[in-house]
Amino acid sequence: MNKKPLILVVNDDGITAPGIRTLIAVMNEIGDVVVVAPDSPQSGMGHAVTINETLYCNKVKIDEGPQQEYKSTGTPADCVKLAVSEILDRKPDLCVSGINHGSNSSINVIYSGTMSAAVEAGVEGIPAIGFSLLDYSWNANFQPLKKYIKKMALNVLENGLPDGVVLNVNFPNNTTFEGIKVCRQARANWVEEFDRRINPQGRVYYWLTGKFVNMDKGEDTDEWALANNYISVVPVQFDLTAHYFIPKLNNWDL
């Protein structure tokens, strides 16, 4: 009899978020599930790790089911590190992160705690997928995503991923989809502004505001796919070397 795959589930919205509870339910249909997730929201943490504070990690039970669950005071990347180093007795066959409440397409992949957890798993040599839904509501409808998530997870378990590559999957905010597009990350960014205010004690403080600007008009991007009601799948690599520029840089008088 084939052994069930070991699946690590993480997120950045916190262990009680509806998105991760949905993801746990889907993964329970596939394998043996261990959850290691933050005890509170960690959105926008990127790949931060805890080095100047004490880390706590406690076994909990949030919902009924066969999964083992742990909540941590750390970041999403911390959760993966703790799982691999302290909690699991072997390397997981798959790590899934999410389902994030909100988009992680285009430049958002850089800031995302959800995707950073997936990337950290990839660094550890674990095939990984980050899932996100373009709905920031706590009560977002994750049910239409379940069959697609299961199929993608099974595909990764069967086919594997190249070393250094993880998948970034984003779902439009809809109940039905046109299909799935394998695409590239759009060239887009946030144009930030800071709302400057003064508190009652006379101290200046700021709220970060801004708008998302997509400069990329290509029809092969994640932003195009999502705008046209397709599920976007972007293979993400965490080797940040600009390999094409190395020969030119070698010609500089350094």
Side-chain angles (χ1 to χ4, degrees), residues 11-13 19 41-48 75-77 97-120 122-123 128-137 140 144-145 148-149 152 161-162 164-197 206-252:
N11 80 339
D12 74 353
D13 288 313
Q42 298 276 347
S43 296
M45 289 298 290
H47 213 107
T75 67
S97 184
I99 306 165
N100 192 64
H101 294 242
S103 167
N104 278 317
S105 57
S106 66
I107 196 64
N108 295 301
V109 70
I110 299 295
Y111 309 112
S112 166
T114 297
M115 281 308 299
S116 290
V119 167
E120 181 62 33
V123 171
I129 317 171
F131 295 104
S132 304
L133 171 64
L134 275 66
D135 186 345
Y136 290 92
S137 169
L145 286 54
Y148 298 98
I149 289 172
M152 289 184 201
L161 290 172
V165 174
V166 302
L167 299 184
N168 182 18
V169 179
N170 281 269
F171 291 86
N173 184 11
N174 214 330
T175 55
T176 58
F177 309 106
E178 292 296 323
I180 298 172
K181 289 280 188 184
V182 176
C183 43
R184 63 178 174 87
Q185 177 182 320
R187 183 176 175 82
N189 64 275
W190 289 91
V191 178
E192 284 96 359
E193 298 176 356
F194 286 91
D195 184 0
R196 184 179 185 273
R197 303 182 187 184
Y206 299 89
W207 283 106
L208 177 62
T209 63
K211 61 181 179 179
F212 183 72
V213 179
N214 182 13
M215 295 83 69
D216 198 325
K217 304 305 179 186
E219 295 186 2
D220 59 343
T221 71
D222 50 5
E223 290 297 330
W224 186 94
L226 294 165
N228 288 274
N229 199 38
Y230 286 91
I231 301 164
S232 69
V233 180
V234 178
V236 175
Q237 61 183 15
F238 45 85
D239 175 1
L240 300 182
T241 308
H243 292 277
Y244 73 93
F245 190 59
I246 289 176
K248 292 182 180 179
L249 192 57
N250 278 325
N251 290 326
W252 286 20

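This chain uses plain numbering: 1 for the first residue, then up along the sequence.
- Taken to the nearest 0.5 Å, the NZ atom of Lys217 stands 10.5 Å off from the CD atom of Glu223.
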* Asked: Checking side-chain hydrogen bond (donor to acceptor under 3.5 Å, both in side chains) for the pair Thr114/Asn100: CA distance, chi angles, key distance, verdict?
  -> CA-CA 7 Å; Thr114 297; Asn100 192 64; 2.9 Å; yes
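- More than 12 non-hydrogen atoms from other residues, nucleotides or ligands lie less than 6.0 angstrom from CZ of Phe245.
- Put simply, CD1 on Ile110 and NE2 on His47 are 11.5 Å apart, with the number rounded to the nearest 0.5 Å.
- The two residues Ala77 and Ala48 make their nearest non-hydrogen contact at CB-O, 3.7 Å.
- To the nearest 0.5 Å, the span separating OG on Ser132 from CG on Asn11 amounts to 10.5 Å.
- Residues Asn168 and Gln185 have side chains not in contact (no heavy-atom distance under 4.5 Å, counting atoms from C-beta outward).
- Taking CG of Leu133 as the reference point, atom CZ of Phe171 lies at 8.0 Å (rounded to 0.5 Å).
- Side-chain contact between Val169 and Ile149 is absent, with no heavy atoms from C-beta onward closer than 4.5 Å.
- Within 6.0 Å of the CD atom in Glu193, the count of heavy atoms belonging to other residues, nucleotides or ligands does not exceed 12.
- With sequence neighbours excluded, no residue forms a ring pair (Phe, Tyr, Trp, His ring centres under 6.0 Å) with Tyr206.
- Across every non-hydrogen atom of Pro172 and Tyr230, the tightest pair is CG-O, 3.2 Å.
- Between Thr209 atom OG1 and Phe194 atom CZ the span is 8.0 Å, to the nearest 0.5 Å.
- Pairing each heavy atom of Arg184 with each of Gly218, the nearest pair is NH2-CA, 4.1 Å.
- Counting heavy atoms from C-beta outward, Met215 and Asn189 have side chains that approach closer than 4.5 Å.
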* How far apart are the C-alpha atoms of Val109 and Val119, what are their side-chain angles, what is the distance that settles it, and do they pass the side chain to side chain contact (heavy atoms under 4.5 Å, CB included) test? -> CA-CA 10 Å; Val109 70; Val119 167; over 6 Å; no
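- The shortest distance between side-chain heavy atoms of Met115 and Asn108 does not fall below 4.5 Å.
- Between Thr221 and Cys183 there is no side-chain heavy-atom pair separated by less than 4.5 Å.
- Taking both residues in full, the closest heavy atoms of Leu226 and Asn170 are given as CD2-O, 3.4 Å, listed atom of the first, atom of the second, then distance.
- The two residues Ala188 and Ile107 make their nearest non-hydrogen contact at O-CB, 3.2 Å.
- Checked by atom type, the side-chain pair Ser105/Asp222 shows no donor-acceptor distance below 3.5 Å.
- Although no hydrogens or angles enter the test, the distance criterion places no donor-acceptor pair under 3.5 Å between the side chain of His101 and the main chain of Ala140.
- Ser106 places no side-chain N or O within donor-acceptor distance of the main-chain N or O of Ala186, the cut-off being under 3.5 Å.
- Legend: residues meeting ring pair (Phe, Tyr, Trp, His ring centres under 6.0 Å) with Tyr148, ordered by chain and number and at least two apart, are Phe177.
- Counting only heavy atoms from C-beta outward, the side chains of Ile231 and Met152 approach each other to under 4.5 Å.
- Considering all non-hydrogen atoms of both residues, Ala118 and Ile129 come closest at CB-C, 4.2 Å.
- When side chains are defined from C-beta on, Pro144 does not count as touching Asn174, because their heavy atoms never get closer than 4.5 Å.
- With rounding to the nearest 0.5 angstrom, the CG atom of Leu134 is 9.0 Å from the CG atom of Asn104.
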